[in-house]
There are 2 protein chains.
Amino acid sequence: MATGRTHRPATRSRGIPEATVARLPLYLRALTALSERSVPTVSSEELAAAAGVNSAKLRKDFSYLGSYGTRGVGYDVEYLVYQISRELGLTQDWPVVIVGIGNLGAALANYGGFASRGFRVAALIDADAGMAGKPVAGIPVQHTDELEKIIQDDGVSIGVIATPAGAAQQVCDRLVAAGVTSILNFAPTVLNVPEGVDVRKVDLSIELQILAFHEQRKAGEEAAADTVVPPVAARKQPHSIDQGPDGDVPAVMQA
Amino acid sequence: MATGRTHRPATRSRGIPEATVARLPLYLRALTALSERSVPTVSSEELAAAAGVNSAKLRKDFSYLGSYGTRGVGYDVEYLVYQISRELGLTQDWPVVIVGIGNLGAALANYGGFASRGFRVAALIDADAGMAGKPVAGIPVQHTDELEKIIQDDGVSIGVIATPAGAAQQVCDRLVAAGVTSILNFAPTVLNVPEGVDVRKVDLSIELQILAFHEQRKAGEEAAADTVVPPVAARKQPHSIDQGPDGDVPAVMQA
DNA sequence: CCATGTGAACTCGTTCACAGCG
DNA sequence: CGCTGTGAACGAGTTCACATGG
């Protein structure tokens, strides 16, 4: 990217910032909860609190989608749910394959929030021939040999890699060759993919290490304790502080 | 985190940017691999490629830690491994409790990269009395009633929540009350915690939704195809594109 | 009036490009 | 001469604060 200088040339006019995209699912979840409670409208303040962000950020985020609110009132819950779902592409069905049915793969297969949001487990794939046919979460596991066929037949474009690190790149290559263009990687490896393929990674050990860093700093600060116990507390910090360590985005798990 | 206004007052002189902290584990992993292959030194270029970032970023990141490289040569692998480990607080042992031993909790308990990096599973905790005593990953599951005792006895400061969404906040409150100050949350909920407690979240469905967004855009672009097929490709793009947890968005790379 | 929507200020993060040291 | 280390330019993301419109 970025070649030299003024890139992202086109700026498709619908340029929603990546940071905003990463928060839309959060808003959607909060809105869905409100919807289930039959709440008709929410203010940016309320919704922001439910999503764990501040209201200015939420309003700015929504401003990239359009003007879906009503001044002096707030946002219509149902309408927003629809708009965000559409923006995220959740109004269509996304078949997904999960490769590597160990503890983690099984956990993912059983994950409820899966089907609930436009995602459908098209197949569970494992290299262990002994697993073939055995049902996990009601879906029979298939052998790796079937991978290409399944992807093509079902038009799968999203793949989840939950294999050991050693197998990840190989699985990735096959997924990509077969037509997958988005990959969620749980294996602790950097995947090499061709241009046009999106990879998101989730890595438990990285998250723990980040926590350890902060934890260590807390311990150290305590020692250096500036007489003045930084009361700060300042403003409003009712509860919930940073939550989404927004600093980054990813997540975590294992392989 | 933190911060109401001018906080982080002192800027303890050791202010490592959050974005850098989030990448240190990545460098560490790449370095560990090199170390196992007995590679004595690496250039920023090589290491960057292995970690999936670009070399300028890596050098800048390292500059926050100190001047650990040798001009004209590169970095000493072993030395860097040590420095980063120390910076991340991995030279000490971090006992961790995992609450919620379902598929996911079991997967986490079995995760190898766990013990390998200073983390030790101090206990597995589940609300189901029927699970009590049953060993998972060689560790007997204990009932939720024991939670406070375990945390205090073992001096646990990091907790992992792998419970259903409905139980997460409650578990979180108990963890915090018992002394935990860092939480890794796998439940799809926004956790409210008091100031000073760090929360990082990991959410499968959010990651999938972000992928779906980009996937949808790919499909749309194809249709709108600007005559000019953005050749870009420009410079060097050997393989591997974005990766990156954060914003994602293509980020060159190189090898 | 009230809460949205947004320009403008600001902060954080990334990239450039080159000085400087081994 | 090669590669690190870094100031400075640039760009992304966040927060402020207020004009605007229901």
Side-chain angles (χ1 to χ4, degrees), chain A residues 1-9 11 15-24 27 41-49 52-76 79-80 83 234-236 242 244-249, chain B residues 1-8 11 15-24 27 41-49 52-76 79-80 83 234-236 242 244-254:
Chain A
M1 89 179 80
T3 21
R5 192 159 290 273
T6 329
H7 289 338
R8 274 280 150 231
T11 302
I16 299 180
E18 190 55 35
T20 295
V21 172
R23 281 188 295 267
L24 292 181
Y27 301 144
T41 59
V42 254
S43 65
S44 61
E45 202 77 45
E46 296 165 325
L47 183 53
V53 302
N54 72 14
S55 63
K57 193 184 286 183
L58 178 143
R59 289 200 303 279
K60 177 66 88 176
D61 282 342
F62 286 179
S63 79
Y64 295 117
L65 307 184
S67 288
Y68 297 147
T70 306
R71 292 170 197 244
V73 180
Y75 301 91
D76 181 276
Y79 187 59
L80 247 195
Q83 290 299 343
R235 334 253 241 162
K236 51 187 180 183
D242 45 0
D246 44 36
D248 41 18
V249 184
Chain B
M1 351 215 110
T3 93
R5 182 168 292 277
T6 327
H7 293 340
R8 278 283 146 233
T11 300
I16 300 180
E18 191 56 33
T20 294
V21 172
R23 281 187 295 267
L24 291 181
Y27 301 143
T41 60
V42 253
S43 66
S44 62
E45 202 77 46
E46 295 166 325
L47 183 54
V53 303
N54 71 16
S55 63
K57 194 184 288 184
L58 176 143
R59 287 199 304 278
K60 177 64 90 177
D61 283 343
F62 285 0
S63 79
Y64 294 116
L65 307 185
S67 288
Y68 296 148
T70 306
R71 292 169 197 241
V73 180
Y75 302 90
D76 181 277
Y79 187 57
L80 248 195
Q83 289 300 341
R235 330 251 245 167
K236 51 194 177 177
D242 49 1
D246 44 32
D248 111 290
V249 176
V252 193
M253 264 201 105
Q254 79 113 54

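Letters A, B, ... are given to chains in the order of the sequence lines, protein chains preceding strands, and every chain is numbered from 1.
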Measuring from B/R59:CZ to B/S43:OG, what's the distance to the nearest 0.5 Å?
9.5 Å

Determine whether A/V53 and A/D61 make a side-chain contact, defined as any pair of heavy atoms from C-beta on separated by less than 4.5 Å.
no

Rounding to an integer number of Å, can you tell me how far B/L58 CG sits from D/dT4 P?
9 Å

Residue pair A/D76 / A/T70, side-chain heavy-atom distance below 4.5 Å
no

So, OP1 or OP2 of C/dT15: does either fall under 4.0 Å of a side-chain N or O from B/K57?
yes

Whole angstroms only, please: what is the CG-C1' distance between B/N54 and C/dA17?
14 Å

Rounding to an integer number of Å, can you tell me how far A/L65 CG sits from C/dT6 P?
11 Å

Rounded to the nearest Å, what distance is computed from the OH atom of residue A/Y27 to the P atom of nucleotide C/dT4?
13 Å

Closest to the B/S67 side chain, choosing from C/dT14, C/dG5, D/dG5:
D/dG5

On DNA chain D, check which nucleotide each of A/R59 and A/T20 is closest to and give me the residue with the more 5' one.
A/T20

Minimum side-chain heavy-atom gap B/E46-B/Y75 below 4.5 Å
no

I would like to know whether A/V42 and A/L80 meet side-chain contact (heavy atoms from CB on, under 4.5 Å); could you show each step before the answer?
CA-CA 10 Å; A/V42 254; A/L80 247 195; 5.5 Å; no

Writing each nucleotide of DNA chain D 5' to 3' as (, ), [, ], | or . by Watson-Crick or G-U pairing under 3.5 Å yields ||||||||||||||||||||||

Verify the ring-centre separation between B/F62 and B/Y68: is it less than 6.0 angstrom?
no

Round to a whole Å and report the spacing from CZ of A/F62 to P of D/dG13.
17 Å

Strictly under 3.5 Å: I want the nitrogen or oxygen pairs between protein and nucleotides 19-21 of chain D, one per line.
| from | atom 1 | to | atom 2 | distance (Å) |
| --- | --- | --- | --- | --- |
| D/dT20 | O2 | A/R71 | NH1 | 2.3 |

Look at all strands and tell whether A/Y75 reaches a base, only sugar-phosphate, or nothing, counting heavy atoms closer than 4.0 Å.
sugar-phosphate

Ranking A/A56 and B/S43 by the position along DNA chain D of their nearest nucleotide, the one closer to 5' is B/S43

For nucleotides 7-12 of chain C, just jot down a letter per nucleotide in 5' to 3' order: B, S or -, based on protein non-hydrogen atoms under 4.0 Å.
BB----

For C/dT4, does OP1 or OP2 lie under 4.0 Å from any side-chain N or O of A/S44?
yes

Between A/S44 and A/L58, which heavy-atom pair has the shortest distance, and what is it?
CB-CD2, 3.7 Å

note: B/D61, atom CG; D/dT6, atom P; distance rounded to Å ~ 13 Å

For atom CD1 of B/I16 and atom P of C/dT14, their distance in whole Å
14 Å

Quick one: OG1 on B/T41 to OH on B/Y79, what's the gap to the nearest 0.5 Å?
15.5 Å

